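In what follows, a structure is listed as C-alpha cells, so that the remarks can point back to it.
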Amino acid sequence: MNQQLLEKLLGPHKVVAVMGGQWGDEGKGKIVDLFSGWAQVVARGNGGANAGHTIQVDGKQLVLHLVPSGIKHDKDGVTNVCGSGMVIDPRALLEELAMLTREGVSYNHLQLSHNATLVLPQHVLLDRLREQKAGGGKIGTTGRGIGPAYADKVGRIALRVNDLLNPDIFVEKLKKATVEHSRLLKGFDPEAVEKLAKELYPGLAGTGGEPFSFSYLIQSYLEMGKRLAPHIANSDFLMGVCKEGGARVLLEGAQGRLLGIEGGTYPHVTASDCSLAGLARGVGLRESDVEQSFVVAKAFYMTRVGAGQFPTEFGRTTIGRQSEEWCNSGEVTRETERESFPDACVNSADEFAQGVAIRQAGNEYGATTGRPRRTGWLDLVLLKHVLNDTPNAKLILTKLDVLDSCKTIKLATRHVYNGHDYRRANDLVRAGDALAEAVMDGAYLHYCHPEYEEYPGWLTPLGCLKVAEELPKELLTLIGRVEEFTKTKAAAISVGPERNQTIAL
Ligand code: IMP
C-alpha cells in the first residue's frame, strides 16, 4: 500500500522536497517519514532545535527537533543530514541522540554539516532575555537561541560545527564572539542574566559579572565536539555526489513558509529562510535541483504558535485578540484548557470556544514548548501566496479528520483591510478594500479581516478511508475549491497520524 502510494506520488523523481505551507506544525514529519521509505538521503536545510517534528514509530510517538525525520530508516542504510543552513545546539543534539538510543532508534548514518552554525549558551540567553524584556512586542520565540545564532552568522562572528574539531580556531573565534555577546548582555539586568544562566546552564556559571566561565565553555563544547565528531561531515559535497549519481534525495523543510525570514509574516517570523530556495541552499543544492516540491498544509483549519498576525484566528474578529492572549499567556496547558472548557464544541456558535475545541480535537499543543497553538480557518489568500512562490509545487492537505464532525467549514478568500491608508510601494490600500492577494507585512495584516466562503462539512469519519474513490463529496468540493483558488494540484491528503492514513488523489 505504502509502496503504491510512494510510486504514485514520487514516481521517477530523484530530488524531492517537503516543506511547510503555513506557520509550521502542518504535519510535515509524518509525510517526510512516509517518503523516507523511498529516499536514500533525507536532509534538513534550515532552522534548529526550534522545530518539533512528530513521527510515529511502531505506534509510539517520537518528537525530533534537530535530527531529520528519516532517522527511523537509518537501520536500512538511509543517510540523514543536518545541512549547512541549520543552526545546531550540540547539547540539544546530544540529548536528542540519547533519546533515540533509549527508543532503540539507530543513527549510524547521521551526518552533521561541518559548515552548520553553532548555537551557544549566549544565544539562548539573549533570545530569552529579549523576549522577557519585549513586553507587548514579543515574537513568542521558542527560546532556543535561533535568532541570535543566525544574527551572528550574518554578522560574520558565528562559530561553525567544524570549529569543534580545531580547538585553537574554536577558542580564537569564541573570544571574538564573546566580546560581542558580553556587550549585548550588558543591556539586561545583571541579576536576571545571572539567574537565567544558572537556571539553564548550572555548570557553566562565570565569575566577575560574566554569565559563563570562558574556560568551562571551551571545555564543554570541545568535549561535545569529540562526541559528535564521527558524524561531522562535508555534507554539501555528499549532496553534490548524490545529485551526480542520481540518488533519491528528500529535503525536509522546517517551520513553514509563512514563518520564513524571506517572504513570511515579518516581523513575526523565525530567522531562517523557509522557502524552497532556502531549503535547497541549506543542504548545498540549488532550487532548480528539486524536481518535485510538496507543500504541506493543514486543512481546513490552520494554526500558529507565538505572537503575530493571524487574520482567520478563531476569536479574533469578534472579541479582539482573545485567542492570541489566551494561548500566549504561558499558563494554559492541554489539561488546564480541558478543565476550563469542558463543553467546547467544534460547532460552537462562540468562535473562541470553537477554536478551543478544534485545538483539542487536533491535539494542537507545541511539540517543542507544549504551548497551545492558536487556531483559525484555512486562509487561502496566504496559501496562494506560498504556492505562487514555490516552483513546481503540489499540495498535501493534512489533519482532515480533525474536522469530521464540523457542520460548516469556512475558507477565507479575501482580506478586507480596515486600517489607515496603507502605501505598498506604488499602490494605495484604503479602509474597506478587499484583496485576494496577500501583503506580507504584519503592520498591514493586523488590520485585515477575512471574507469567507462557507461549505457544508462531510460529517463522517475519514480515518478509516483508504482510497480517493471513498471520499465524501463535500470533502471533494472543498479540495477542488482549494485547488482552483491556489491553482495548485492536491496530490494527497492525510486523515490520521499513521502512515497508512494517507490517501493519494
Ligand atoms: P524562533 O524560531 O524560536 O526564533 O521563533 C520565532 C517564531 O517562529 C515564533 O513565533 C515561534 O513560535 C515560531 N516557530 C519556530 N519554530 C517553529 C515550529 O517548528 N513550529 C511552529 N512555530 C515555530
Side-chain angles (χ1 to χ4, degrees), residues 5-6 9-10 15-39 41-57 61-73 80-83 85-86 142 249-260 264 270 272-276 278-280 282-283 290 292-299 301-305 362-368 373 378 382-383 386-387 390 393-400 402 488 490-499 501-502:
L5 184 85
L6 293 178
L9 294 178
L10 305 175
V15 184
V16 165
V18 173
M19 44 181 287
Q22 292 158 337
W23 287 292
D25 310 312
E26 298 92 350
K28 297 181 292 293
K30 169 186 154 168
I31 305 299
V32 174
D33 179 49
L34 177 69
F35 286 6
S36 52
W38 159 91
V41 178
V42 181
R44 254 189 73 179
N46 73 298
N50 49 349
H53 294 166
T54 309
I55 57 170
Q56 297 274 119
V57 179
Q61 273 203 349
L62 208 62
V63 181
L64 302 166
H65 301 287
L66 284 158
V67 172
S69 303
I71 199 66
K72 186 166 174 229
H73 299 277
N80 281 267
V81 174
C82 295
M86 288 184 70
T142 58
V249 177
L250 175 61
L251 307 189
E252 174 180 27
Q255 288 77 48
R257 189 67 185 86
L258 296 176
L259 274 180
T270 188
S272 68
D273 182 357
C274 307
S275 69
L276 184 63
L279 171 57
V283 299
V290 180
Q292 181 63 62
S293 51
F294 292 94
V295 172
V296 183
K298 265 177 206 161
Y301 71 103
M302 60 199 287
T303 59
R304 169 160 213 172
V305 195
N363 194 20
E364 298 291 358
Y365 300 86
T368 300
R373 298 177 185 144
L378 176 60
L382 294 179
L383 186 61
V386 167
L387 291 165
T390 313
K394 285 185 180 164
L395 257 173
I396 296 184
L397 301 173
T398 59
K399 300 199 84 162
L400 293 179
V402 172
T488 307
I493 59 171
S494 167
V495 293
E498 297 296 333
R499 282 188 195 159
Q501 290 178 301
T502 316

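As the structure is a computational prediction, the values presented were derived from the model and not from experiment.
- Between V295 and G20, the shortest heavy-atom distance links the atoms CG1-C, 4.5 Å.
- A heavy-atom distance below 4.5 Å is found between the side chains of V290 and L276.
- In this structure, the side chain of K30 engages the main chain of G496 through a donor-acceptor pair within 3.5 Å.
- Although no hydrogens or angles enter the test, the distance criterion places no donor-acceptor pair under 3.5 Å between the side chain of N46 and the main chain of L279.
- When atom types are taken as modelled, the side chain of K399 and the backbone of G362 share a donor-acceptor pair closer than 3.5 angstrom.
- Atom OG1 in T488 sits 4.0 Å away from atom CG in L387 (nearest 0.5 Å).
- Taking CG of L258 as the reference point, atom CG of L382 lies at 5.5 Å (rounded to 0.5 Å).
- Here the options are I55, V32, T54, the test is side-chain contact (heavy atoms from CB on, under 4.5 Å), and the partner is L64; only I55 passes.
- Side chains of L10 and F294 form a contact here, defined as non-hydrogen atoms less than 4.5 Å apart.
- Although no hydrogens or angles enter the test, the distance criterion places a donor-acceptor pair under 3.5 Å between the side chain of T398 and the main chain of E26.
- A distance of 13.5 Å separates OH of Y365 from CG of D25, quoted to the nearest 0.5 Å.
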Practice item. Report the C-alpha distance between I396 and K28 in whole Å, list the side-chain angles of each, state the deciding distance to 0.1 Å, and finish with yes or no for side chain to side chain contact (heavy atoms under 4.5 Å, CB included). Key: CA-CA 9 Å; I396 296 184; K28 297 181 292 293; over 6 Å; no
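- Using a distance-only test at 3.5 Å, with no hydrogens or angles considered, a donor-acceptor pair links the side chain of Q22 to the main chain of K298.
- Taking each heavy atom of C82 and P68 in turn, the nearest pair found is SG-CD, 4.0 Å.
- Across every non-hydrogen atom of Q255 and C274, the tightest pair is CB-SG, 3.9 Å.
- Residues L395 and A297 come closest through the heavy atom pair CD2-CB, 4.1 Å.
- Between the S275 side chain and the G278 main chain, a donor and an acceptor come within less than 3.5 Å of each other.
- Atom CG in L397 sits 9.5 Å away from atom OG in S494 (nearest 0.5 Å).
- Of the possible donor and acceptor atoms, one in the side chain of N80 sits under 3.5 Å from a partner among the backbone N and O of I71.
- For the side-chain hydrogen bond (donor to acceptor under 3.5 Å, both in side chains) with H53, the qualifying choice from R44, H65, E252 is E252, the only one to do so.
- G21 and L383 make their closest contact through O-CD1, 4.1 Å (heavy atoms, listed as atom of the first residue, atom of the second, distance).
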Exercise for review: Show your working on side chain to side chain contact (heavy atoms under 4.5 Å, CB included) between W38 and L9 and close with a plain yes or no.
Suggested key: CA-CA 11 Å; W38 159 91; L9 294 178; over 6 Å; no
Exercise for review: Determine, stepwise, if the pair L251 / V283 fulfils side chain to side chain contact (heavy atoms under 4.5 Å, CB included).
Suggested key: CA-CA 8 Å; L251 307 189; V283 299; 3.7 Å; yes
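- Between D33 and R499, at least one side-chain nitrogen of the basic residue sits less than 4.0 Å from a carboxylate oxygen of the acidic one, meeting the salt-bridge criterion.
- The two residues R304 and L259 come nearest to each other via the heavy atoms NH2-CD2, 4.0 Å.
- W23 is not listed as a side-chain neighbour of T303, based on a closest heavy-atom distance of 4.5 Å or more.
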